[in-house]
Each structure stands twice: as C-alpha cells, then as structure tokens.
Asker: 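Have a look at the structure that comes next, please.
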Amino acid sequence: DIIKKFYHNKDSIQGIAFFSNEIANALYFSQNIALAEKIAEDKISQFEKTGNGKQLGALYSLLGLINNNKQQYVEALSFFRKGIHSYSIIKYKKGCAQNLASIGSLYAKHLSKPDLGLQFCNTALKYADNNDSLFIFQQIANIYILKGMYAKARYFFQRAFNTVQYGMDETTMLKNTFQFPGFNQLQSLSDLTTDKGDAYQQEYYNIKKDSLLKKALNTKKKKDCFLE
C-alpha cells in the first residue's frame with residue numbers, strides 16, 4: 001500500500017485521508033494519472049466508511065478530473081456530482097463551487113450544451129470565494145466564446161480580473177505583480193490572460209479584423225512578461 005509506505009502514523013485516519021489526497025493530487029498534476037486514479041479508487045471505500053466528507057469530496061473531484069481527461073464524460077459527471085454531495089453534507093462551499101464549475105465546463109466544451117454549462121457555472125458562483133470566482137468567470141467567458149458571443153466573453157474576462165483588483169487587466173497587472181501572494185494566484189492570472197488572448201485570436205479568425213490579431217498578440221506578450 002503506497003500510503004502506508006510513505007505515511008507512518010497508521011492510527012490516524014484523518015492523517016491518512018489528507019495524505020492520500022495530497023499524494024493523489026501530486027501524481028495527477030505530474031501526469032502520473034494511472035497511479036493517481038488507483039490511489040483515489042483504493043481509498044474512497046475506506047473514507048466512505050469513516051464519513052470523512054472533505055477528503056472524500058476531494059477524491060471524488062480528482063476522479064472527475066481524471067475521467068474528464070480520459071474523455072469518459074459520463075463517469076466524470078458522476079464523480080463531480082458525488083463530490084458536490086459530499087461537500088454539501090459538510091457545508092464546504094468551496095468544494096461545491098469547484099465541482100459545479102467543472103460540470104459546467106464539461107457540458108459546454110465536451111457535450112455541446114453551452115447553455116446548461118452556463119447554468120452550472122452561475123450556480124457555482126453562489127458558493128464561490130474570490131479565488132474560485134476568478135476561475136468561474138473565466139469559464140463563463142470561455143463558454144461565451146464557444147457560442148460566438150465575444151463581447152459577452154470580454155465582459156466576463158474583466159469580471160474575472162476584477163476579483164483580484166477592480167479595473168485590473170493584462171496591462172495593469174504587470175505593474176502589480178508584487179501584490180499577488182503565492183503561486184496559485186499568479187498561475188490563475190496567467191491562465192486568464194492566455195484565455196483572453198486566445199479569445200481575441202478566435203474572434204480574428206471569424207471576422208478577419210486586423211486589430212483583433214494585434215490585441216491577441218499584445219495580450220499573449222504581456223502574459224509572457226508577467227511570468228518573467
């Protein structure tokens with residue numbers, strides 16, 4: 001058992017739950033998907049018996065992401081919904097928000113149901129804090145891109161920036177990098193700027209307006225400067 005190999009306080013189910021989740025997530029983000037999936041599946045039945053809602057919800061969420069990446073969308077939806085249920089029982093709003101947003105993005109991008117995706121994302125906002133709101137507004141913007149509604153997409157990209165600082169955009173964020181605590185927020189802003197640049201590029205392909213291509217290139221250049 002890989003958990004027992006790396007975690008020695010075997011009497012602490014809470015500790016093992018946390019450690020299982022951390023190991024599984026680390027393996028997932030390092031692209032060791034198969035082992036991450038095995039750890040999550042092996043531990044779910046154990047945590048179901050102990051009623052460890054927060055860690056159980058995290059493992060369901062992880063399996064949702066894994067199945068989404070494997071293009072097994074029915075299974076992914078099932079795990080995301082189980083994650084929401086687990087988090088709802090313990091009233092962990094952040095977990096509910098993240099899973100609802102994941103469902104919304106899946107419906108829009110992979111099941112050709114953008115309007116249903118928007119419904120889930122809007123519901124997610126009711127549970128979200130500022131950090132989650134950035135991601136959810138970003139997903140809403142990307143769904144409007146799928147619908148070809150670029151003005152709406154730009155509006156929601158701006159709302160995503162506003163969760164960090166009102167009026168911020170890809171230009172002003174370069175002047176304030178020292179204000180962003182931690183890697184996660186830096187990465188979120190980088191991803192947001194990338195998606196905004198991609199949106200300008202997609203709109204350019206549709207209407208062949210040169211100013212849009214210029215905006216796309218400028219936005220992506222600022223993202224590169226942001227990470228330097």
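For the numbers below, each heavy atom of this structure counts, side chains included, while hydrogens, waters and symmetry mates do not. Bear in mind the structure is a predicted one, so any value in this text is a computation, not a measurement.
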Asker: Could you go through the salt bridge (charged side-chain N to carboxylate O under 4.0 Å, His left out) check for Asp198 and Lys220 one step at a time?
Answerer: CA-CA 8 Å; Asp198 289 345; Lys220 293 182 179 184; 3.0 Å; yes
Asker: Answer whether the closest heavy-atom distance between the side chains of Leu125 and Ser133 falls below 4.5 Å.
Answerer: yes
Asker: Give a yes or no on whether the ring-centroid distance for Tyr144 and Tyr150 is below 6.0 angstrom.
Answerer: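 Distance test on ring centres: not under 6.0 Å, no.
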Asker: Say you draw a straight line from CD of Gln201 to CG of Leu212; how long is it, rounded to the nearest 0.5 Å?
Answerer: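 Rounded to the nearest 0.5 Å, the CD-CG separation comes out at 11.0 Å.
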Asker: Yes or no on side chain to side chain contact (heavy atoms under 4.5 Å, CB included) for Arg154 and Tyr200, after CA distance, side-chain angles and deciding distance?
Answerer: CA-CA 9 Å; Arg154 287 193 292 274; Tyr200 281 129; 3.9 Å; yes
Asker: Quick one, His110 and Asn68 - any side-chain contact, counting heavy atoms below 4.5 Å?
Answerer: yes
Asker: Hey, are the side chains of Thr193 and Met173 touching, using non-hydrogen atoms and a 4.5 Å cut-off?
Answerer: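 A side-chain contact under 4.5 Å exists here.
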Asker: Considering only heavy atoms from C-beta outward, does the side chain of Lys94 approach that of Tyr87 to under 4.5 Å?
Answerer: no
Asker: Examine distances only and state if a side-chain atom of Ser86 and a backbone atom of Gly83 form a donor-acceptor pair shorter than 3.5 Å.
Answerer: no
Asker: Is any side-chain heavy atom of Ile145 closer than 4.5 Å to a side-chain heavy atom of Phe157?
Answerer: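 Of all side-chain heavy-atom pairs linking Phe157 with Ile145, at least one is under 4.5 Å.
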Asker: Are Asp115 and Tyr107 close enough that some pair of their side-chain heavy atoms sits under 4.5 Å apart?
Answerer: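 The answer is no, as the side chains (C-beta and beyond) never meet within the 4.5 Å cut-off.
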Asker: Are Asp169 and Lys196 close enough for a salt bridge, meaning some N to O gap below 4.0 Å?
Answerer: no
Asker: Could you give me the CA-CA distance, side-chain angles and deciding distance for Asn130 and Thr163, then say whether side-chain hydrogen bond (donor to acceptor under 3.5 Å, both in side chains) is met?
Answerer: CA-CA 6 Å; Asn130 267 2; Thr163 63; 5.8 Å; no
Asker: Taking the side chain as C-beta and beyond, is there a heavy-atom pair between Gln139 and Lys109 under 4.5 Å?
Answerer: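 With C-beta onward as the side chain, the pair touches.
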